[in-house]
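Predicted model, so just to flag it, every value in this text is computed and none were measured. Protein chains get the first letters and strands the later ones, always in sequence-line order, with residue 1 at the start of each.
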2 protein chains.
Amino acid sequence: MADHSTRAAYTVDSLLAVTVRVFNERGYDGTSMEDLSRAAGISKSSIYHHVRGKEELLRLAVGRALDALFAILDEPAATAGRPADRLEHVVRRTAEVLLDELPYVTLLLRVRGNTATEQWALERRRDFDHRVAALVQDAVTAGQLRADVEPRLATRLLFGTVNSLVEWYRPGQRGAEHLPDAVARFAFDGLRAR
Amino acid sequence: MADHSTRAAYTVDSLLAVTVRVFNERGYDGTSMEDLSRAAGISKSSIYHHVRGKEELLRLAVGRALDALFAILDEPAATAGRPADRLEHVVRRTAEVLLDELPYVTLLLRVRGNTATEQWALERRRDFDHRVAALVQDAVTAGQLRADVEPRLATRLLFGTVNSLVEWYRPGQRGAEHLPDAVARFAFDGLRAR
DNA sequence: GTCTATATGTTGATAGAC
DNA sequence: GTCTATCAACATATAGAC
C-alpha cells in the first residue's frame with residue numbers, strides 16, 4: 001500500500017461530502033475554511049490542493065443537485081401521458097431526488113445570490129421552475145386541475161411544499177419511502193376529509 | 001427644528017427596517033457592519049450608538065416576527081369552534097402575518113442556529129409549530145381532516161406551504177389580498193379538479 | 001447622534017518543505 | 001497529498017472629538 005496514514009486520502013467527492021454537511025450546519029457564509037479543515041481533519045492548505053477555493057466547493061455541490069433535478073424532466077413518465085399525471089410524476093420524483101441528494105439539494109435551496117456562482121445556481125433553479133410551470137399550465141388547460149388555480153401560483157406552492165422537506169427531514173427517518181406519496185396527496189387532494 | 005441635517009435621525013426601529021432588508025438580501029452572516037452602514041447612510045460607529053451589535057439587530061428583528069405569529073394563537077377564532085375551522089383560521093392568519101411582516105418573518109425563517117440568539121429563535125419557532133400540531137391532531141381526531149394524515153407530517157407540510165411565500169412574494173405584488181385564501185384552498189382542498 | 005481613527009481578531013488564500 | 005508558517009484584506013467593535 002502506498003498511503004502514508006490510516007485514513008484514505010481525500011478525493012474531491014469525499015471532501016465535498018464533508019463540506020456540504022458543514023455548509024448546511026453553519027450556512028455557506030457562516031462557514032470558514034478553518035471550519036472545513038477541522039471537520040475534514042486536514043489542514044486548510046490541503047483543501048486548496050483539491051479545489052481552488054470555497055466558492056468552487058459550493059459550485060460543485062449545487063451543480064450536483066441541479067443535475068439530479070433536471071434529469072427528472074427527461075424521464076419518460078414526465079414527457080408523455082396526461083399532463084396531470086406527468087406533473088404528479090415530477091412532484092413525486094422531485095421529492096425522491098430531494099431525499100436521495102438531501103444535503104446537496106438543501107444547500108441549493110438556501111443559495112442567496114451574493115456571488116457569481118450563487119447567481120448561476122438561482123438562474124438554473126428558475127429555469128427548472130419554468131419548465132414545471134408549463135406542465136401545470138397544460139394540466140389546467142386540459143381541465144385536470146382546478147380551474148380557479150393560477151398556474152404560476154400553483155407551481156410556487158407545489159415547490160414550496162416539496163422543498164420544505166429539507167427543513168425537517170433527516171436521513172434514515174421512519175417512513176421515508178412513503179413521503180413522496182404523502183406530499184403528492186397533500187398537494188393534489190388536500191388535507192380535508194370527504 | 002433641532003435636527004442638524006435633512007434626514008431625520010435614526011431610531012432603533014427605523015434602523016432595524018434598513019438592517020432587515022440588507023440581512024435578507026445578503027444573508028445575516030454575509031452582511032458586514034460596513035454593508036449596514038452604507039445602506040443606512042451613517043457610519044458604523046453610529047450604528048453602535050443605537051444597538052450593542054449585529055446580533056442585537058437580529059434578535060430585535062426575529063423577535064418582532066415571533067411576537068406577531070404567537071399573537072395569532074390567542075385570537076378568538078383560533079381558540080373556539082370546530083378544530084378544522086380553528087386550524088384553517090391559523091393557516092390564513094399565518095399567511096397574512098407573513099405578508100404584513102414579510103422582511104421580519106423572512107429573516108426568522110432563515111435563521112440557522114450558529115449563535116445563542118439564533119438558537120433562541122429556533123426554540124420559539126418549534127414551540128409555535130407544536131401548538132399548531134396540537135390543533136391538527138384535534139381536527140384529525142374530530143374526523144375533519146383525512147384519516148390517513150399523520151398530524152406531525154401534515155403540520156410540517158402546512159407550514160412548508162405557507163412559509164414558502166417568503167421565497168417569491170414581493171410587497172405590492174398583484175393579488176396579495178387573495179393569497180391567504182389561495183394558500184388555504186391549496187392546503188385543504190388540493191389542486192386536482194373534481 | 002454622528003463622525004474619524006484605530007484596536008484587535010478572523011478570513012480566504014499562498015509559499016514552500018516533506 | 002499533506003503540512004507549518006504567513007499574508008493582505010476584511011471583520012466586529014471601541015475611543016474620543018464635535
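Nucleotides of DNA chain C lying under 4.0 Å from heavy atoms of chain A occupy a range whose first and last members, 5' to 3', are C/dT11 to C/dA15.
A/Arg86 is linked by a side-chain hydrogen bond (donor to acceptor under 3.5 Å, both in side chains) to nothing, counting only residues two or more places apart in sequence or in another chain. Residues passing the side-chain contact (heavy atoms from CB on, under 4.5 Å) test with B/Asn114, sequence neighbours excluded: A/Arg26, B/Asp29, B/Glu118. Among residues two or more places apart in sequence or in another chain, the salt bridge (Lys or Arg N to Asp or Glu O under 4.0 Å) test is passed with A/Asp129 by none. In terms of the side-chain hydrogen bond (donor to acceptor under 3.5 Å, both in side chains) criterion, residue partners of B/Glu55 (sequence neighbours excluded) are, by chain and number, B/Thr115, B/Thr117. Scored by the side-chain hydrogen bond (donor to acceptor under 3.5 Å, both in side chains) test, B/Ser37 finds no partners at all (sequence neighbours excluded). Partners of B/Glu75 by side-chain hydrogen bond (donor to acceptor under 3.5 Å, both in side chains), not counting sequence neighbours, listed by chain and number: B/His89, B/Arg93.
The distance from atom CG of A/Leu69 to atom CG of A/Leu98, rounded to the nearest 0.5 Å, is 7.5 Å. Rounding to the nearest 0.5 Å places CG of A/Leu36 at 5.0 Å from OG1 of A/Thr19.
Of the residues in residues 11-38 of chain A, A/Thr31, A/Ser32, A/Met33 come within less than 4.0 Å of DNA chain C through at least one heavy atom, sorted by number. Within residues 111-122 of chain B, no residue places a heavy atom under 4.0 Å from DNA chain C. Shown for residues 45-60 of chain A: residues whose heavy atoms fall under 4.0 angstrom of DNA chain C, namely A/Ser45, A/Tyr48, A/Gly53, A/Lys54.
Using a 4.0 Å cut-off between a side-chain N of Lys or Arg and a carboxylate O of Asp or Glu, B/Arg146 and A/Asp189 do not qualify as a salt bridge. A/Glu88 has a carboxylate O that lies under 4.0 Å from a charged side-chain N of B/Arg192, or vice versa, which qualifies the two as a salt bridge. Between B/Arg38 and B/Asp35 there is a salt bridge, since a side-chain N of the basic residue sits under 4.0 Å from a carboxylate O of the acidic one.
Helix bend of the helix from C/dG1-D/dC18 to C/dC18-D/dG1: the angle between its two end axes, each built from five pairs, comes to 10° after rounding to 10°.
For the residue pair A/Leu153 and B/Leu179, the shortest heavy atom distance occurs at CD1-CD2, 3.7 Å. Closest approach of A/Thr31 to A/Lys54, counting heavy atoms only: O-NZ, 2.6 Å. The shortest heavy-atom contact between B/Ala133 and B/Thr155 is CA-OG1, 3.3 Å.
Within the structure, side chain to side chain donor-acceptor pair (under 3.5 Å) contacts touching residues 171-182 of chain A (residues at least two apart or in different chains) are A/Arg92-A/Asp181.
Mapping B/Tyr10 and B/Lys44 onto DNA chain C via the closest heavy atom, the residue that lands nearer the 5' end is B/Tyr10.
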